[in-house]
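First the structure, in the form of structure tokens, and then the observations on it.
To find a chain, count down the sequence lines: A is the first, B the second, and so on, and within it residues start at 1.
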Number of protein chains: 2
Amino acid sequence: MISHTSTHSVSPVIPEEIAGLRMTRQRQEVYRNLIEQRDHPTANEVYMRVKDRLPNISLATVYNCLEALVEHGIIRQVNFERESSRYCPNLTEHGHFHDAVTGIIHDVDFKPGFNLADLVELPPGAVIDDIEITLRGKVTSA
Amino acid sequence: MISHTSTHSVSPVIPEEIAGLRMTRQRQEVYRNLIEQRDHPTANEVYMRVKDRLPNISLATVYNCLEALVEHGIIRQVNFERESSRYCPNLTEHGHFHDAVTGIIHDVDFKPGFNLADLVELPPGAVIDDIEITLRGKVTSA
DNA sequence: ATGAGAATAAGAATCATTCTTGCTTTTGAT
DNA sequence: ATCAAAAGCAAGAATGATTCTTATTCTCAT
């Protein structure tokens, strides 16, 4: 019997179309890369990685693919300070914890019952459409 | 008797030194501008405004002043998406509400007892050094 | 098969920000 | 007050992420 030690020993099959977006070869590889390596790569990092399978892809195309995926709600774009944008396939509502030591960005889920309007003094009449929470700190392994 | 209708009819006097930073004329004007108009201007907006009083100031100097003020903890730099950095003289811990209609950025204070660690699933051992909360939405005046 | 519209690659352009350089001001001894 | 050293400044060049442009190549419905 065959056992898999990695969760990604086989590349996931990406459908022809997602959320109304035609998944071209380039878009597939960009998206596959994001869901396989669930980190938060920059466009340039995706570009580097995807060149294994598509040696002729251009950085502009990676940007185009990422933009198309973001606009169709298939992935999210996240920005930290003034750094390059990063991309994230996690569509659940979540924040980010930025480990200052390792540089690793962890997704942080909101606990059940989380309601930000209870916690901050919003301007009167304010309706929240979008929440962005970024934390920075360290992870003490002790 | 003289009555003041504006809270800023007189420009505040800026000390010679703040938090160990020598307040040169340029730094004074940049800082004065931020505390007078308590909005969240970009470097370029500060540059435009400050030219009234210092017609020869350069944009690079505005950037230098803002950087010096930020590094000495006198003002804060805030970034929204990939837009130009904005600067904020409010040193209390607070978040921002971005009105999608007017573009106005409101400071939002945290309610008493606010503790984000209670609300999100942090990675084990995580210690939060810095919190950044940005909300986007509308303000319904009705 | 074919023509219109979509997607791509390559490189130019943009724009906020940072860097460099030469000059001016301030500071802190003397 | 004097003067060297340090700090600050203005102007413009350089940088770097992202977007735009253009010419070429696909895709898909007819």
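One interatomic measurement links the two molecules: CZ of B/Arg82 to C1' of C/dT17, which rounds to 11 Å at whole-angstrom precision. Protein atom CD1 of B/Ile57 is 15 Å distant from nucleotide atom C1' of C/dT24, rounded to whole Å. At whole-Å resolution of the value, CG in B/Leu54 and P in D/dA10 are 8 Å apart. Distance, A/Leu66 CG to D/dA17 C1': 13 Å, rounded to whole Å. Distance A/Glu17 CD to D/dC28 P: 10 Å, rounded to the nearest Å. Counting to the nearest Å, the C1' atom of C/dA6 and the NE2 atom of A/His72 are 12 Å from each other. Rounded to whole Å, atom P of D/dA17 lies 16 Å from atom CG of B/Asn79. Nucleotide C/dT17 holds its P atom 10 Å from the CZ atom of B/Arg86, rounded to whole Å.
Considering only side-chain atoms of A/Thr24, the nucleotide from D/dT18, C/dT8, D/dG8 that sits closest is C/dT8. Residue B/Ser58 has its side chain nearest to D/dA10 when only C/dT27, D/dA10, D/dC9 are considered.
Contact annotation: A/Gln26 reaches the phosphate of C/dA9 (side-chain N/O to OP1 or OP2, under 4.0 Å). Phosphate contact (OP1/OP2 of C/dA16, side-chain N/O of B/Ser85, threshold under 4.0 Å): absent. The phosphate of C/dA7 (OP1 or OP2) has a side-chain N or O of A/Arg27 nearer than 4.0 angstrom. A sub-4.0 Å separation between OP1 or OP2 of D/dT19 and a side-chain N or O of A/Tyr63 is absent. The phosphate of C/dT8 has neither OP1 nor OP2 within less than 4.0 Å of any side-chain N or O from A/Thr61.
Comparing B/Glu67 and A/Val62 by the nucleotide of DNA chain C that holds the closest heavy atom to each, the one mapping nearer the 5' end is A/Val62. Where B/Thr42 and B/Glu16 meet DNA chain C, the nucleotide closest to each residue was compared, and B/Thr42 sits on the side nearer the 5' end.
At the heavy-atom level, B/Asn56 lies under 4.0 Å from the strands shown only through sugar-phosphate atoms.
In this structure, A/Glu83 places its CD atom where more than 12 heavy-atom neighbours from other residues, nucleotides or ligands lie under 6.0 Å away. Surrounding CD of B/Glu16 are at most 12 heavy atoms belonging to other residues, nucleotides or ligands under 6.0 Å away.
Among all heavy-atom pairs drawn from B/Arg86 and B/Ile105, the shortest one is CD-CD1, 3.5 Å.
Side-chain contact between A/Ser84 and A/Asn44 is absent, with no heavy atoms from C-beta onward closer than 4.5 Å.
Distance alone, capped at 3.5 Å, is enough to place a donor-acceptor pair between the A/Arg27 side chain and the A/Arg22 backbone.
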